[in-house]
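Comments concern the structure below.
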Protein chains: 4
Amino acid sequence: MANNIQNIFNESLQDTNLSDKQKTVLKASLDLFSTKGFDSTSTKDIANSAGVAEGTVYQQFKNKRGILDAILNPFIDSVLPKIVLDFTDAVKGNQFDNVHDFLTYVIKNRMKFALTNQNQVRIFAQEIFKSNKLLNQMKKQLGNLLDGPVAQQLQKFQERGEIAPIPIPRLIQFLFSTTVSFVLPAILNQQGNVTNEQIDGWTEQSVDFILHGITL
Amino acid sequence: MANNIQNIFNESLQDTNLSDKQKTVLKASLDLFSTKGFDSTSTKDIANSAGVAEGTVYQQFKNKRGILDAILNPFIDSVLPKIVLDFTDAVKGNQFDNVHDFLTYVIKNRMKFALTNQNQVRIFAQEIFKSNKLLNQMKKQLGNLLDGPVAQQLQKFQERGEIAPIPIPRLIQFLFSTTVSFVLPAILNQQGNVTNEQIDGWTEQSVDFILHGITL
Amino acid sequence: MANNIQNIFNESLQDTNLSDKQKTVLKASLDLFSTKGFDSTSTKDIANSAGVAEGTVYQQFKNKRGILDAILNPFIDSVLPKIVLDFTDAVKGNQFDNVHDFLTYVIKNRMKFALTNQNQVRIFAQEIFKSNKLLNQMKKQLGNLLDGPVAQQLQKFQERGEIAPIPIPRLIQFLFSTTVSFVLPAILNQQGNVTNEQIDGWTEQSVDFILHGITL
Amino acid sequence: MANNIQNIFNESLQDTNLSDKQKTVLKASLDLFSTKGFDSTSTKDIANSAGVAEGTVYQQFKNKRGILDAILNPFIDSVLPKIVLDFTDAVKGNQFDNVHDFLTYVIKNRMKFALTNQNQVRIFAQEIFKSNKLLNQMKKQLGNLLDGPVAQQLQKFQERGEIAPIPIPRLIQFLFSTTVSFVLPAILNQQGNVTNEQIDGWTEQSVDFILHGITL
DNA sequence: CATGAATGAGCGTTCATTCAT
DNA sequence: AATGAATGAACGCTCATTCAT
């Protein structure tokens, strides 16, 4: 499953009918946008980084914004939902009969996803402050999440009395924020190489905190 | 205290030798940068919003970047530390003899601060992805925080056995992320009017979660 | 009167709040558009010709099209109507009691106008093929002409039996085309220096032809 | 004869060694140049309209200008002269023994030609303002006209005393301008469908005016 | 101090043209 | 012969910055 996640963006790249040069353009843009920001990256920067002429950039992409969309739209429309929906199978095949194992699975999964897609996450984080459209798209996706298998599993645990009767959206908010608190520093520092051991440690600490808080 | 926070930026404004017109420039820039982003705001935008000539902007600020610095530097160098140091007095005058009250105080305090300074926070959040300097400055400030009164108070509770033996930086990370999880959506949505009642509710839920997690 | 015509465009220039540099830009554009055509003239060309920086061009004019409008709009909205309406006074002060004198006056007048404003006419002629808006504006102005003093005077002559009962629009069409047949070659050849003697000769030949045709 | 005129351009097309695709390119260019103008028509527009790849356009035509030349050169070098020279036969076979019939024939003939070739005329009219070469070519052709059968016929009428002793070039100027005054509005309005009845009416009015002017 | 016209480097984008397939 | 991806010069235009008033 972890491998699947890692490949979702690349798969979605292969789905498109972009030439090799165009994919280089997209890769270069991903790098530049994520470090310098969209506005501070010139199309000349992109062309130089990709090793193509500036005109080539516009062969496939309508305009500079189009490159950003080609990066963010799959992220929003395809990658995120895929992640969310993939749980269906995971949950079916993998009967989580205790909260601890379930949280461990979900959190580790998401950490890997975020760290694998660091650049997109950075770009997304920068753009969401400027674009109401992006913000609304994310709200919608989060809404879907609340109807999805994660929410259903959490509810099941609640009904069994294994989780406190906190509203599901709030539960997800806490899961999310705790996860992010480990991942975001790495993303901000652009630490490319986070080991599986680190992720395992972070996951354990997250699950402990989420389950029991900070009191003894 | 709440009032103090609200005024810290304004106070730090008064400390500078900026003319009234220059302050208008700064206020206008604050608004524009926070909504449109630094790059997408032109000096003409600023001049128009501030009701001054474009040249006037350059009377006090060396360049456009200088305006951003004039907004973010006090935030980093003065506002943030002031907040941190103010605790000394607060803690002295206000003996927190249980964890619950302490967390309630700290969290409510910070929520108000973040919401009062929404615009700076928005600008800060956007820029920190692009500027290593900013990132390092924040790391330094967070380092100071770890030597400050909040950390000391937490350690005291730990020594008394009222808090689990989680490393202090990690404790602060959890406090921070939980708080942010309530505040950030409001900031993203640019909800100007968050009531005290809402903040009280958010604080309560945060403290409950931080103390006991999600299990019964 | 002839002097008036000569000055109408310049007057309309003075009415605007254009700086000296901007007027230079307009003059340069007038030259370049009229010889090379609008599309083949670059804003760099204009800036170089005007001796200003390219940015200066955009200080007063929203875009390149705006310069063309600043040249053509007065021509359509102000210069042409002014010419048409000025007849009122001319006719009042100048009782034309025979067709010959009237035509001589009208045709000489228009020839001078067209030759004085050669560049605008050239630009206008090029653009009218591409712009339906321009075409419609001219139709409207020609419509106004048919309600104006020239048409009235012609009708008076018709009622007196001094002119054949040809429909007024057709009469004006013949006046116009005959006049143009003398003026257009000069404009195409960009003959700047057409003498008053030439114009007098052209006028006489035009009036002769219009009155009697080519038969003996 | 009318049919001949209609086909002259097509005939001249057949003379060339253009493939079917290339002819489509030329047709498409004719349409686009005449409506949007040469400069505002991109080679991509042409390729799309013609349903070929952009590279194909350059198979037969050296460059974009080459397409314009392929449209205008036959118009100047072959179509116009052919029209002029065809009179030889026409005049031979058709003895014009009065001015009225001759003018009627000549004018109707030219009106049809201009209306049939509206698009070329539009392109020609736009380009002649920009290209001295084109202007000189036309001057040369008009010079030939003055040595041609029309001029000879007119001179014959003059010698017989049926036409006033106006210089032949001037006579032709009047014929031309009167004809144009009917045809140009239709061309500007891009009225594709001018009926033979309309042309007959226009011709009659033209001839009347040319012969007798506007007096009774 | 404040102004705003002037600047020119640099932006995003277009497009005529080339050339390997 | 036909293609269309690739090119890069040149375009229209923006904008941070300067400076004479």
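Because only heavy atoms are used, hydrogens play no part in the values below, and waters and symmetry mates are left out as well, while side chains stay in. A, B, ... follow the sequence lines: proteins, then strands. Residue 1 opens every chain.
Of the two residues near DNA chain E, D:Asn63 and A:Lys64, the one whose nearest nucleotide lies more 5' is A:Lys64. Positionally, the nearest nucleotide of DNA chain F for C:Asp39 lies more toward the 5' end than for the other of B:Ser40 and C:Asp39. Taking for each of A:Gln59 and C:Gly51 the nucleotide of DNA chain E with the nearest heavy atom, the 5'-most of the two is the partner of C:Gly51.
An OP1 or OP2 oxygen of F:dT3 is reached within less than 4.0 angstrom by a side-chain nitrogen or oxygen of D:Thr56. Residue D:Thr43 places at least one side-chain N or O under 4.0 Å from the OP1 or OP2 atom of E:dA16.
Following rounding to the nearest Å, B:Gln60 (CD) and E:dT3 (C1') show an atom-to-atom distance of 16 Å. In this structure, C:Ile46 atom CD1 and F:dG12 atom C1' are separated by 10 Å, rounded to whole Å. Rounded to whole angstrom, the span from the CG atom of B:Asp45 across to the C1' atom of F:dA16 amounts to 12 Å. Spacing between atom CG of C:Leu68 and atom P of F:dG12 amounts to 13 Å, rounded to whole angstrom units. One atom, CG of D:Leu32, and another, P of E:dC15, lie 13 Å apart when rounded to the nearest Å. We find that NZ of A:Lys23 is positioned 12 Å from P of F:dA6, with the value rounded to whole Å. In this structure, NZ of C:Lys36 is placed 13 Å from P of F:dA10, rounded to the nearest angstrom. Protein atom CD of B:Glu54 is 11 Å distant from nucleotide atom C1' of E:dA6, rounded to whole Å.
B:Ser42 comes within contact range of the sugar-phosphate backbone alone, with a heavy-atom separation under 4.0 Å but no base atom that close. Using a 4.0 Å heavy-atom cutoff across all strands shown, D:Val52 reaches sugar-phosphate atoms only and no base atom.
The shortest side-chain heavy-atom distance between B:Phe33 and B:Ile46 falls under the 4.5 Å cut-off. No side-chain heavy atom of C:Phe38 sits under 4.5 Å from any side-chain heavy atom of D:Asp39. Looking only at side-chain heavy atoms (C-beta outward), C:Met138 and C:Leu134 stay at 4.5 Å or farther from each other.
Of the candidates E:dT13, F:dG4, E:dT18, the closest approach to any side-chain atom of D:Ala53 belongs to F:dG4.
Only one option out of A:Gln126, A:Lys36, A:Arg122 pairs with B:Lys130 in a side chain to side chain contact (heavy atoms under 4.5 Å, CB included); it is A:Gln126.
Once rounded to the nearest 0.5 Å, the distance linking OG of D:Ser49 with CG of D:Leu32 reads 4.0 Å.
F:dA20 and E:dT3 make up a base pair, with Watson-Crick or G-U wobble contacts both under 3.5 Å.
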